[in-house]
Student: 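Structure below; questions to follow.
Order of the sequence lines sets the chain letters (A, B, ...), proteins ahead of strands, with each chain counted from 1.
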There are 4 protein chains.
Amino acid sequence: MDHQEIFDQAIQGMLDSLKNEQEMTEKQRRILESAIKLFAEKGFHASSTSEIAKDAGVAEGTIFRHFKTKKDLLYALVAPMLIKFASPLVLKDVKRIMGDAEQPADQILEQLLHNRLELINQNWPRMKIIMQEAQFHPEIMDAIVENIAREARLLGENFVQTRMDAGEFRDLPVKAVIRAIVSTALGYIFFQHMFPNEENDRTEEIRTMVDILLNGIKRKNPD
Amino acid sequence: MDHQEIFDQAIQGMLDSLKNEQEMTEKQRRILESAIKLFAEKGFHASSTSEIAKDAGVAEGTIFRHFKTKKDLLYALVAPMLIKFASPLVLKDVKRIMGDAEQPADQILEQLLHNRLELINQNWPRMKIIMQEAQFHPEIMDAIVENIAREARLLGENFVQTRMDAGEFRDLPVKAVIRAIVSTALGYIFFQHMFPNEENDRTEEIRTMVDILLNGIKRKNPD
Amino acid sequence: MDHQEIFDQAIQGMLDSLKNEQEMTEKQRRILESAIKLFAEKGFHASSTSEIAKDAGVAEGTIFRHFKTKKDLLYALVAPMLIKFASPLVLKDVKRIMGDAEQPADQILEQLLHNRLELINQNWPRMKIIMQEAQFHPEIMDAIVENIAREARLLGENFVQTRMDAGEFRDLPVKAVIRAIVSTALGYIFFQHMFPNEENDRTEEIRTMVDILLNGIKRKNPD
Amino acid sequence: MDHQEIFDQAIQGMLDSLKNEQEMTEKQRRILESAIKLFAEKGFHASSTSEIAKDAGVAEGTIFRHFKTKKDLLYALVAPMLIKFASPLVLKDVKRIMGDAEQPADQILEQLLHNRLELINQNWPRMKIIMQEAQFHPEIMDAIVENIAREARLLGENFVQTRMDAGEFRDLPVKAVIRAIVSTALGYIFFQHMFPNEENDRTEEIRTMVDILLNGIKRKNPD
DNA sequence: AATGAATGAGGGTTCATTCAT
DNA sequence: TATGAATGAACCCTCATTCAT
């Protein structure tokens with residue numbers, strides 16, 4: 001079985017497991033939740049199926065009735081996240097927001113960050129697992145790139161280019177600007193989980209972040 | 001053995017393994033290098049000692065003659081990195097650079113980023129392992145926080161505050177400014193390793209990054 | 001974990017494994033029997049779990065499903081013996097026999113020896129293992145002393161003292177008398193297993209042993 | 001290699017290692033002593049050569065320079081004991097004592113017990129090892145039986161028979177009498193090492209033991 | 001003679017997975 | 001559908017032994 005096959009199969013597995021997350025039985029959900037908890041806490045390889053079973057309160061065999069393989073369990077918990085980020089619905093939303101040339105960039109970025117960070121925070125354990133395991137499971141990495149990164153990049157480039165053409169943004173390499181934006185978001189997540197104890201007012205923080213970011217990017221208005 | 005003991009012991013293990021990295025035997029070095037390679041590629045838990053042995057061209061038992069435990073092997077490859085980042089020598093350098101109020105912030109940040117990114121890039125596999133495993137091995141995380149993060153934070157705060165007092169930087173929350181700086185660096189690393197194929201001129205990229213960053217932070221001179 | 005904890009845990013393990021020896025599954029019993037056989041033949045440390053598995057006709061993993069640890073396997077085979085010797089039921093029996101001042105000492109000792117030697121012989125491999133390993137596993141030794149030796153000693157002292165007070169036994173150090181009795185029993189076991197081939201009529205042999213023993217202990221009646 | 005060959009080779013090994021115990025080098029003696037200590041403490045299989053080397057303060061390789069095999073180390077420590085017990089010199093002594101029909105049995109037994117118990121006590125760790133390992137190493141067991149037990153038995157039977165013929169001992173099965181004597185000795189050793197803390201006056205204890213023993217065996221004189 | 005690095009077989013134990021119930 | 005006993009490969013690690021120095 002070559003890489004492509006593995007990949008296809010994995011993707012298929014993800015899609016299969018996807019449809020139903022809503023229609024899952026009680027036990028399936030409990031298994032999935034325990035897997036999320038443990039994978040996030042200790043990593044995929046360091047969590048054993050027996051632990052998951054115990055934590056979920058089911059027999060070990062039950063796991064394999066619902067998820068053919070331990071790896072399928074991983075896929076089953078990764079896939080919905082990818083879908084959520086990639087779903088046309090969501091992207092249409094994003095597109096609409098970003099495409100609105102009338103709306104000030106500040107508002108757009110603030111909304112965007114709020115929106116995405118909220119999504120990430122609400123699903124933090126899953127996100128952590130994805131970021132961890134994407135490095136070691138090319139199928140997952142590929143799925144991210146294919147389904148999210150590529151599209152997001154286009155969206156971003158379009159947004160930046162538009163503003164640049166309109167003279168709102170300075171004349172900088174588009175890639176650098178996008179990197180600055182993404183870095184801002186990633187860095188925020190990083191700090192949040194690295195130093196989780198410090199209280200913070202997210203709305204205010206985002207405002208400041210965007211302020212710094214856009215001040216760095218925008219053309220200085222000569223007023 | 002409670003957590004503190006484990007931690008102390010781990011640190012001690014790191015220090016022990018440290019002194020010699022230069023005076024390592026051929027085999028020790030080969031083992032360490034294979035471990036670095038495999039841990040970076042597949043993760044700590046997913047790499048077996050037998051694989052490492054095979055890759056290093058030694059008997060499996062030989063690993064344990066030189067590194068009491070698989071975890072000690074991890075420590076032995078983590079520790080020198082932490083030391084390199086934390087070494088007073090390096091920090092003094094950093095201190096000197098950052099403390100020089102005469103030097104323009106641009107130059108300081110460019111130098112700093114260059115310097116640190118170089119260090120990280122030259123030791124990328126190790127860095128990847130550290131970032132991966134710190135999440136699951138509290139001793140490593142603690143060592144990072146105790147020996148690096150804390151000091152770096154103070155240094156950063158001092159630098160930012162000084163510039164702010166001097167009116168060079170805008171009046172922003174210090175934490176937010178530091179976060180912006182760190183995010184810039186982290187984001188750069190992230191992009192570099194997420195999309196490794198794109199050619200790039202690091203010096204130029206850093207200049208642009210610092211440009212955006214400082215434009216965002218600095219008070220706009222009314223010229 | 002200090003010694004006491006280890007001990008308590010070991011005892012707990014013994015008790016846990018105890019309840020069920022009757023309700024053991026077929027495989028458990030086979031494992032236990034193979035362990036008994038091999039430990040007795042070659043010693044605890046010289047018998048490997050893989051050998052035991054092979055002898056029992058199960059997979060090696062199966063052993064560890066039923067007995068958390070190789071040592072637990074040892075406990076599981078030691079504990080029932082200790083219980084058998086220490087069980088109040090048995091001791092009450094012994095007490096009754098020994099406490100009956102009317103019954104001649106000859107009969108008491110003969111019954112006692114018969115009874116205990118039978119017990120030991122029927123469980124000889126286990127007994128051999130216990131005697132072997134008690135020397136190296138303080139928990140086992142402690143369990144013996146706490147649960148059997150202490151009680152047995154009191155019982156013995158009481159018996160001897162009573163007979164002495166009644167003038168039936170000579171005026172000798174109680175400890176020496178007890179030692180003589182116990183030595184008789186131990187020596188018999190020793191000879192039996194050192195030179196197993198010689199046919200013997202146990203009833204007759206015991207009678208002779210008790211004869212010699214009591215002749216040595218009893219006051220000579222002047223008739 | 002069949003059993004006989006193993007046996008012959010083992011015996012040869014013992015003899016080889018024997019000659020020199022006096023002419024051993026410092027290191028050899030230290031190795032042997034550490035082996036004795038550790039084998040007695042933890043058993044043969046549970047003691048590793050590396051432990052022995054560390055305890056003896058030599059390199060691990062050094063052990064194998066002097067003792068071809070770990071088992072040879074065992075033989076080297078067992079053999080001198082067997083020799084000591086079996087040496088014609090000693091036996092001649094014993095023979096002389098036991099053969100002296102004039103001497104009262106009490107004195108003979110007291111002397112004998114004193115003598116042998118002293119020998120055993122002075123070499124207790126070795127004795128413990130021999131008793132332990134003889135059960136698992138047929139060569140050792142055979143050596144004991146061939147060189148000691150057989151001879152001792154003859155000696156004992158002769159002694160008992162003589163006294164019986166002379167009317168000093170009651171008319172009992174010779175084997176039973178011998179067993180009583182040996183049991184007395186073994187039991188004493190057992191108690192001594194089972195309850196080592198109680199102070200004791202050996203001379204007095206032996207006198208009592210022999211008193212009980214002979215009272216049990218001797219014909220009651222009608223004085 | 002003495003060392004200690006190197007070996008690889010084998011140790012006890014855990015693992016993901018299967019299957020009869 | 002759910003179970004959990006059973007599996008045997010693979011895990012990390014220790015062992016007795018060898019051998020170049």
Side-chain angles (χ1 to χ4, degrees), chain A residues 25-28 31 44-54 56-74, chain B residues 25-28 30-31 44-54 56-73, chain C residues 25-28 30-31 44-54 56-73, chain D residues 25-28 31 44-54 56-74:
Chain A
T25 71
E26 168 65 7
K27 297 214 165 176
Q28 280 183 73
I31 291 170
F44 175 72
H45 271 105
S47 310
S48 73
T49 48
S50 86
E51 265 178 309
I52 296 169
K54 196 179 301 173
V58 303
E60 209 170 344
T62 307
I63 292 180
F64 291 90
R65 176 152 304 281
H66 293 296
F67 307 91
K68 239 182 352 225
T69 280
K70 193 189 175 193
K71 215 166 189 183
D72 278 339
L73 194 45
L74 177 62
Chain B
T25 72
E26 167 65 8
K27 301 222 162 176
Q28 277 184 74
R30 257 163 44 212
I31 291 169
F44 175 73
H45 273 107
S47 312
S48 73
T49 50
S50 86
E51 266 179 307
I52 296 170
K54 200 176 298 174
V58 302
E60 199 170 353
T62 307
I63 292 180
F64 293 93
R65 170 161 296 280
H66 294 295
F67 307 91
K68 260 203 304 272
T69 283
K70 194 190 174 193
K71 214 165 189 182
D72 277 343
L73 193 46
Chain C
T25 71
E26 168 65 8
K27 300 222 161 174
Q28 277 184 74
R30 255 160 49 209
I31 292 169
F44 175 72
H45 273 107
S47 311
S48 73
T49 49
S50 85
E51 267 178 307
I52 295 170
K54 199 176 299 174
V58 302
E60 201 170 353
T62 306
I63 292 180
F64 292 93
R65 171 161 294 281
H66 294 294
F67 307 92
K68 261 203 305 275
T69 284
K70 194 190 175 194
K71 215 166 188 181
D72 278 343
L73 194 45
Chain D
T25 72
E26 168 65 7
K27 299 214 163 177
Q28 281 183 73
I31 291 170
F44 175 71
H45 271 105
S47 311
S48 73
T49 48
S50 85
E51 266 177 308
I52 296 169
K54 196 179 300 174
V58 303
E60 209 171 343
T62 307
I63 291 180
F64 291 90
R65 177 151 304 281
H66 294 296
F67 308 91
K68 242 187 342 230
T69 280
K70 194 190 173 193
K71 214 165 189 181
D72 278 340
L73 193 45
L74 176 62

Student: Regarding A/S48, tell me which of base, sugar-phosphate or nothing describes its non-hydrogen contacts under 4.0 Å with the strands shown.
Tutor: sugar-phosphate
Student: Tell me, please, which residues at least two apart from C/F64 pass ring-ring contact (aromatic ring centres under 6.0 Å, His included).
Tutor: none
Student: Measure the distance from CG on C/D72 to C1' on E/dG12 and round it to the nearest whole Å.
Tutor: 13 Å
Student: For the CD1 atom of C/I63 and the NZ atom of C/K27, what is their distance to the nearest 0.5 Å?
Tutor: 12.0 Å
Student: Taking the side chain as every heavy atom from C-beta outward, state whether B/F44 and B/K70 have any atom pair closer than 4.5 Å.
Tutor: yes
Student: Starting at CD1 of D/I31 and ending at C1' of E/dT3, how long is that distance when rounded to a whole Å?
Tutor: 12 Å
Student: Please report, rounded to the nearest Å, how far the C1' atom of E/dT7 is from the CZ atom of B/R30.
Tutor: 14 Å
Student: Return the value, rounded to whole Å, for the distance between atom NZ of C/K54 and atom C1' of E/dG11.
Tutor: 14 Å
Student: Quick one: on DNA chain F, does B/E60 or C/A59 contact a more 5' nucleotide (nearest heavy atom)?
Tutor: C/A59
Student: Just how far, in rounded Å, is P of E/dA2 from CZ of D/F67?
Tutor: 11 Å
Student: Enter the distance from C/D72:CG to C/F67:CZ here, rounded to the nearest 0.5 Å.
Tutor: 9.0 Å
Student: Let me know the distance between NZ of A/K70 and P of E/dC15, rounded to the nearest Å.
Tutor: 9 Å
Student: Check every nucleotide of DNA chain F for an atom under 4.0 Å from a heavy-atom of chain C, then give the first and the last such nucleotide from 5' to 3'.
Tutor: F/dA5 to F/dG8
Student: Of the candidate nucleotides E/dA16, E/dT7, E/dT3, which contains the atom at the shortest distance from the side chain of D/K27?
Tutor: E/dT3
Student: When rounded to the nearest 0.5 angstrom, what distance separates OG in C/S48 from NZ in C/K54?
Tutor: 8.0 Å
Student: Suppose we screen for side-chain contact (heavy atoms from CB on, under 4.5 Å). Which residues come up paired with B/A56, at least two apart in sequence or across chains?
Tutor: B/R30, B/I31, B/S34, B/V58
Student: Contact class for A/H45 (heavy atom, under 4.0 Å): base, sugar-phosphate, or nothing?
Tutor: nothing
Student: Please work out if B/T25 contacts a base, only the sugar-phosphate, or nothing of the nucleic acid, heavy-atom cut-off 4.0 Å.
Tutor: nothing
Student: With sequence neighbours left out, what residues match C/A59 under side-chain contact (heavy atoms from CB on, under 4.5 Å)?
Tutor: C/T62
Student: Take atom CD1 of A/I63 and atom C1' of E/dC15, then tell me their distance rounded to the nearest Å.
Tutor: 12 Å
Student: State which of E/dG4, E/dA2, E/dT7 makes the closest approach to the side chain of B/T62.
Tutor: E/dT7
Student: Does a donor on one side chain and an acceptor on the other come within less than 3.5 Å for A/E60 and A/T49?
Tutor: yes
Student: Start at the 5' end of DNA chain E and walk down; is the nucleotide closest to A/A46 or to A/K68 reached first?
Tutor: A/A46
Student: CD of C/E51 versus P of E/dG11: gap in Å, rounded?
Tutor: 7 Å
Student: What residues, two or more places apart in sequence or in another chain, satisfy side chain to side chain donor-acceptor pair (under 3.5 Å) together with C/T25?
Tutor: none
Student: Any chance you could encode DNA chain F as dot-bracket? Rule is Watson-Crick or G-U wobble with both distances under 3.5 Å; [ ] for pairs crossing earlier ones, | for another strand.
Tutor: .||||||||||||||||||||
Student: Tell me, do D/L74 and D/T69 make a side-chain contact under 4.5 Å, heavy atoms counted?
Tutor: no
